[in-house]
Structure formats: C-alpha cells, structure tokens
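Quick notes on the structure that follows.
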Amino acid sequence: MKKLICLLILSLVFLTGCGKKPEKNALEQILDRDVLVVGVKTDSKPFGFISNTSGDYEGFDVDVARYIAKDLLGSERKIKFVSIDSSNRIEAITSGQVDMAIATMSITPQRQYLIDFSIPYYIAGQTAMVREDSDIYSFGDLKRKTIIISLGSTAEKNIRRILPTTKMIGYKSHHEAFQALQEGKGDALSDDDVILAGYMIDNQGYRLIKTRISREPYAIGIKQYEDKTLKITLDDIITRMKKDGTIKELKEKWHLK
Ligand code: GLU
C-alpha cells in the first residue's frame, strides 16, 4: 500500500511538472511586454545625455537602444529609458530594473562574473583631462598629483596599475567628477577619452593627455540568464549594425572616430 501511495505521489509530481509551461526567456518577456527598458547615462555626452532643447534622452548609446527597440518591437518609440550611472549600472542590470544597460560600459573580466555582455559596438580608451595651463603632459607627470575618477568606472583600476601610489579621489558620476576638476579638487580627471572630449564640447580651458592607457570595448550589459537567446539576439543586431553602416553613421553623427 505504502509503495502504491509513493508511486501515486511521484506520478502526480511528474505529471504536474510536465504540464507546466516553461518560463519565458528574457527576450520573450520583452516581446510580451512590448516595451524595452534600457538603462542609459545622462552624464556622458555624446553617448548618453539629456538634450537641452528637447529635454529628451540623446546620444550614441541612446541611438543604439532605439535601433534595438525598432528591430525587436517594430518601433523605436517602444522604449523606456532609465537614467543610470557608472556606480549603479551593474545593480540596475542584476536586479532586473532594466532589460539592458547601454551605458559606455566596457567589457572587463571582473564584470563578466556578474553580468553578460554583447559583442562590443564601440572601442574607447582611457586618458586624462587637465586644465589648459597645467604643467601635466603625460601620465608620468601625474605621479605626485591628485587624480579624480568616477566611482564604478574602469578608471580607478587602470590608474592603480600604472600609478600605484598616486592619490585618487572618486565621485558618483562623471558630472560630479568634472565639477571637482573645475573646482580644483584634483589636478586631472581620468576617464574614457570620448567622455572627456564630450565635456570639452561645452567647457573651454581644458586639454587631454595624448596617451591612452587602456582599451575600453563598449558593450551592452544584460543579466546572466541560463538561456542565452537575448545575448545571441543582441550580438546579431550589433553585427548587422556594423555591416549595414549604422555604427559608421552614428560615429559620424556624434563626431566620434
Ligand atoms: N568605459 C569605462 C567603464 O565602463 C569608463 C566609463 C564609464 O564609467 O562608463 O567603466
């Protein structure tokens, strides 16, 4: 009798398990929702910023997001942007607050423990910005100076590698970091060349150090799902954007090399 009851329970568990529909993968969930939720920067011109005129999200990363929404959902308007910064973007991804982050985010081995990345869509490099009248021309000149960085960015680690004893101060956003340089709280601001050049569009009196100390491959960050359909789809879309000239057009539009 006991055996029979056990068998019955087992077959019930088996049957209900079989009857359950498999959970939808991340891509199917986006398609069902019919809106793409994308984390972008608002402090990283020309990649992610708020337009002074339209008050809307703009930039290279924002255009990449719009292309993806059009591709997946048929309209670039089916998108909800969430403002994220370097210090909170990994959490925004892992908590599910956003479907993906397109936010000047470099692929690094440390980040790959926590999230998945698409293939890269842009390659930047880290350098530093100083005031025009500064006597700093190379990273070597920064040994006994103070360097400002954005927390959660790759800048801190790269600086530690080449200037292990140099004083560094970190800020939560690129805006705050730039403000600190303006206020003279440090001698240089180190970040990706394209982000620093973005600050120089609106602010006179600064120049960049000519050397790049790293290679920063920008890619789309997503949660680590067991089912890799979303990652594979994003890789396909980026490959197409490279082949159909979209990436080239976006570089021209945003004056990037
Ligand atoms: N691309 C670098 C990074 O992912 C620096 C710029 C940023 O913080 O977004 O950390």
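Each ligand, and each atom within it, is numbered from 1 in the order the structure gives. Given the structure is predicted, the values throughout are model-derived calculations rather than measurements.
Neither the backbone nor the side chain of Glu156 comes within 4.0 Å of ligand 1, counting heavy atoms alone. By the criterion of a heavy-atom distance under 4.0 Å, the side chain of Arg89, and not its backbone, is placed next to ligand 1. Only side-chain heavy atoms of His174 come within less than 4.0 Å of ligand 1; its backbone N, CA, C and O stay farther off. When heavy-atom distances to ligand 1 are checked against a 4.0 Å cut-off, Ile195 comes that close only through its side chain, counted from C-beta outward. Counting heavy atoms closer than 4.0 Å to ligand 1, residue Asp192 contributes side-chain atoms (C-beta onward) but none from N, CA, C or O.
Side-chain polar atoms of Gln126 and Asp192 form no donor-acceptor pair below 3.5 angstrom.
In this structure, Arg111 counts as a contact residue of ligand 1, since one of its heavy atoms falls inside 4.0 Å of the ligand.
For Tyr121 and Tyr67, the ring centers are positioned 6.0 Å apart or more. For His175 and Phe49, the ring centers sit 6.0 Å or farther from each other.
Distances below 4.0 Å separate heavy atoms of Asp191 from the following atoms of ligand 1: 5 (C), 6 (C). Listed by number with element, the atoms of ligand 1 under 4.0 angstrom from any heavy atom of Met105 are 4 (O). The ligand atoms of ligand 1 that sit less than 4.0 angstrom from a heavy atom of Tyr218 are 1 (N). Taking a cut-off of under 4.0 Å to the non-hydrogen atoms of Thr154, the atoms of ligand 1 that pass are 2 (C), 3 (C), 5 (C), 10 (O).
Surrounding CG of Asn52 are at most 12 heavy atoms belonging to other residues, nucleotides or ligands under 6.0 Å away. Surrounding CD of Gln29 are more than 12 heavy atoms belonging to other residues, nucleotides or ligands, all under 6.0 Å away. Counted within 6.0 Å of NZ on Lys70, heavy atoms from surrounding residues, nucleotides or ligands total 12 or fewer; the atom is thus considered open. Around the NZ atom of Lys80, the shell of radius 6.0 Å holds no more than 12 heavy atoms that belong to other residues, nucleotides or ligands.
Looking at atom 8 (O) of ligand 1, its nearest protein heavy atom turns out to be Ser86 OG, 2.6 Å. Protein heavy atom closest to atom 9 (O) of ligand 1, with residue, atom name and distance, is Thr104 OG1, 2.5 Å.
For the ring pair (Phe, Tyr, Trp, His ring centres under 6.0 Å) test with Tyr218, the passing option among Phe117, Phe60, Phe47 is Phe47; the others fail.
Taken to the nearest 0.5 Å, the CG atom of Asp43 stands 15.0 Å off from the OH atom of Tyr171.
Considering backbone and side-chain N/O of Ser153, none are found under 3.5 Å from N/O of ligand 1.
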